[in-house]
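We name chains A, B, ... by the order of the sequence lines, and we start the count at 1 in each one. Values below: all heavy atoms of this structure, side chains included; hydrogens, waters and symmetry mates excluded.
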Number of protein chains: 2
Amino acid sequence: MAGRDNSTSNRKLDLAARAAWLYYIRGRTQDEIATELNVSRQNAQRLIALATSEGLIKFRMDYPITECVEMAERLKDRFGLVFCDIIPGERRDEAPVAGIAISAAERIESYLSSKAPAVLALGTGRTLRAAVAQVSSMERPQHKIVSLVGNLTRDGRASPYDVAMRLCDRTGAQCYPLPTPVVADDIEQRKLLQSQRWYKTVSSLVLQVKASFMGIGEIGWGSPLHVDGFITDQELADLVSSHAVGEMLGWAFDQDGVLLSTAFNERLTAPPLIVPAERPTIIMGAGAAKAPAIRAALRGRLANGLITDETTAVRVLELD
Amino acid sequence: MAGRDNSTSNRKLDLAARAAWLYYIRGRTQDEIATELNVSRQNAQRLIALATSEGLIKFRMDYPITECVEMAERLKDRFGLVFCDIIPGERRDEAPVAGIAISAAERIESYLSSKAPAVLALGTGRTLRAAVAQVSSMERPQHKIVSLVGNLTRDGRASPYDVAMRLCDRTGAQCYPLPTPVVADDIEQRKLLQSQRWYKTVSSLVLQVKASFMGIGEIGWGSPLHVDGFITDQELADLVSSHAVGEMLGWAFDQDGVLLSTAFNERLTAPPLIVPAERPTIIMGAGAAKAPAIRAALRGRLANGLITDETTAVRVLELD
DNA sequence: CCAACGTCCGGGCAAATGCTCAAAGAAGGC
DNA sequence: GCCTTCTTTGAGCATTTGCCCGGACGTTGG
């Protein structure tokens, strides 16, 4: 028999897909599904759970909630956005990653669905990673995905969130990662890295992007940039003391969305941000902590597109 | 206050959308949702049910089930199809309209998502109606939807399944319905109807279609064409005795997929079918009763695309 | 060959869900 | 204004679902 591991896992996923199909689309009960698929009731339930957790089956909302739309319009007006999507909020304060991911995935799909070859640029982070996981797999070899941020941590480990690569896997697009640390050790090293050929490839692609998608981080203890090990404690402290409130792709900015000219920003290996944003540049993120960063980024025209939730949207507008 | 009816219904749908969002996307329980939205637990459950039945929230499967893919390949090979999607089957013999509708909706969306103006042609029927209901609403005024079949029953009632119109509502596309009965009373009347200006508009559009989508019906007592009142008992009897096994858009054909030259076909008001199908012409339908009709249509090259379920697919291949 | 470990399975149970029903409430007719 | 009728509401209850756990099964290393 053929390679057992792969084949059994496929068989299992097939079964899981069937179970989920029967459950969500045909509306059968787990008991009926169990009979249909000749498994125990518990197994049917496990299969359904597997299918949802593996993203075999997806939930999409296709209804514009009045308040969300209104909020999006207000943000568009206030900050001159070309795109804004607000997902429903909740009183709880955990960030609704799943929802943002779905919205972002739809947006990404809309670019990928075009026949004409397009270049999309991606940042990193948990949210973007979740978003990419929500993108349907499709055969789109004509497109190019370029990573706007190095995929190595300081110590050379590959980032667990190599988002561009994942998206290319799912879509068959051509991948242009940035095989460098996010920040170089010093300006010399950055110059060296940027003189490499792949850097020139990436930076010329960046000029052709149809749209960019990136997370947004707040600066502070517990901020994503820090807990994921992209920057050291010392660097974080420096950023805080130079009044950084947020970062996109590592570029730190102050409360007016002005990029800081700190030592830190000078060491970033990525191509520079285009300010004010010209092509659709969409930031995504939610949570009370991120609101000041989002507001700053939008004020400074570092981004012209936003995906967030109602709660955060309200805060962003209040802060202003 | 403004028009109460519309406003309350919107408010309700908004709430339903929120409930469904929290339930399916955030994974909250109905109790939590009830608290969050300040409604009773009961109401939360009703809102979620409403949202699913109204299609506010959608379930999509994004996983190619091995057996379905294989079956699709076999059908493609056997009948020279340009497109084939097989959805999972079940032992039960009711037709899985919902699943077929979803697949068709995705296919329709893929055409509508293109920026370049496109013309799509639609038939009628329950399945197609369900499919259109699954299409996401979007703003696509550049496209044209043309109806391939009259939208009036014999006695002048508008068909409850005016599918083209519905799709245009959801997408903002331009609608070209066929404001005639499906069948004229006699050949003279058909000639008269076809000399009208709108008929020329429609038939010239038909030549430009990017793709056509239509249901397929079997001929017999209880067949869709008959129970929906498009044809009389007498007409049905005539069709049966002239060995019709199926129809697409009203055009009856025999077991080899050859269009019949019966009085009935001569009275159809729609533009003639293009045989063999040139552009993607996708038929959809499932159920044991439809299998012979599907096989015939594919043999006769009346269609070159198919959406059906596993069970029906097996039958179609067995019959051959 | 056996033991130790990890995985998978199904029974059982508590929580969550869907449904029925009777009562309250709103809309409309007289 | 009052009665009729249709809709909406929440309580109660049967069903369905999610999850824990002990046991079976399979795998690895001795």
_Using 30° and 60° as the class boundaries, would you call the ring planes of Tyr24(B) and Phe59(A) parallel, tilted or perpendicular?_
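Tyr24(B) and Phe59(A): tilted rings.
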
Could you check how far [atom1] of [X] sits from [atom2] of [N], rounded to whole Å?
X        : N       : atom1 : atom2 : result
Leu50(B) : dG18(C) : CG    : C1'   : 15 Å
Asp31(A) : dT17(C) : CG    : P     : 17 Å
Leu22(A) : dT16(D) : CG    : C1'   : 16 Å
Leu15(A) : dC9(C)  : CG    : P     : 10 Å
Leu37(B) : dT9(D)  : CG    : C1'   : 17 Å
Arg28(A) : dT15(D) : CZ    : C1'   : 17 Å
Ile48(A) : dC19(D) : CD1   : C1'   : 14 Å

*Under 6.0 Å from the six-membered ring centre of Phe83(B) and within 45° of its axis: does the NZ or CZ of Arg107(B) meet both?*
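Pair Arg107(B)/Phe83(B) counts as cation-pi.
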
*Under 4.0 Å between a side-chain N/O of Tyr23(A) and OP1 or OP2 of dT17(D), yes or no?*
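For dT17(D), OP1/OP2 do have a side-chain N/O of Tyr23(A) under 4.0 Å.
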
Would you be so kind as to tabulate the donor-acceptor pairs closer than 3.5 Å made by side chains of residues 40-52 of chain A, with sequence neighbours excluded?
| unit_1 | atom_1 | unit_2 | atom_2 | d |
| --- | --- | --- | --- | --- |
| Ser40(A) | OG | Asn43(A) | N | 3.2 |
| Arg41(A) | NH1 | Gln30(A) | OE1 | 3.0 |
| Thr52(A) | OG1 | Ile48(A) | O | 3.1 |
| Thr52(A) | OG1 | Ala49(A) | O | 2.8 |

Would you mind telling me which of [options] lies closest to the side-chain atoms of [X]?
X        : options                  : value
Gln45(B) : dA16(C), dT9(D), dG18(C) : dG18(C)
Asn43(B) : dC19(C), dG18(D), dT9(D) : dT9(D)
Gln42(B) : dT17(D), dC8(C), dG10(D) : dG10(D)

*Could one point to a donor on the side chain of Arg41(B) or the base of dG18(C) with an acceptor on the other under 3.5 Å away?*
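Such a pair is found, so the answer is yes.
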
*Hey, could you give me the CD1/CD1 distance between Ile108(B) and Ile145(B), rounded to the nearest 0.5 Å?*
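Between atom CD1 of Ile108(B) and atom CD1 of Ile145(B) there are 8.0 Å.
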
_On DNA chain D, does the nearest nucleotide to Gln30(A) precede the nearest nucleotide to Arg46(B) from the 5' side, or the other way round? Give the residue._
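Of the two residues, Arg46(B) wins.
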
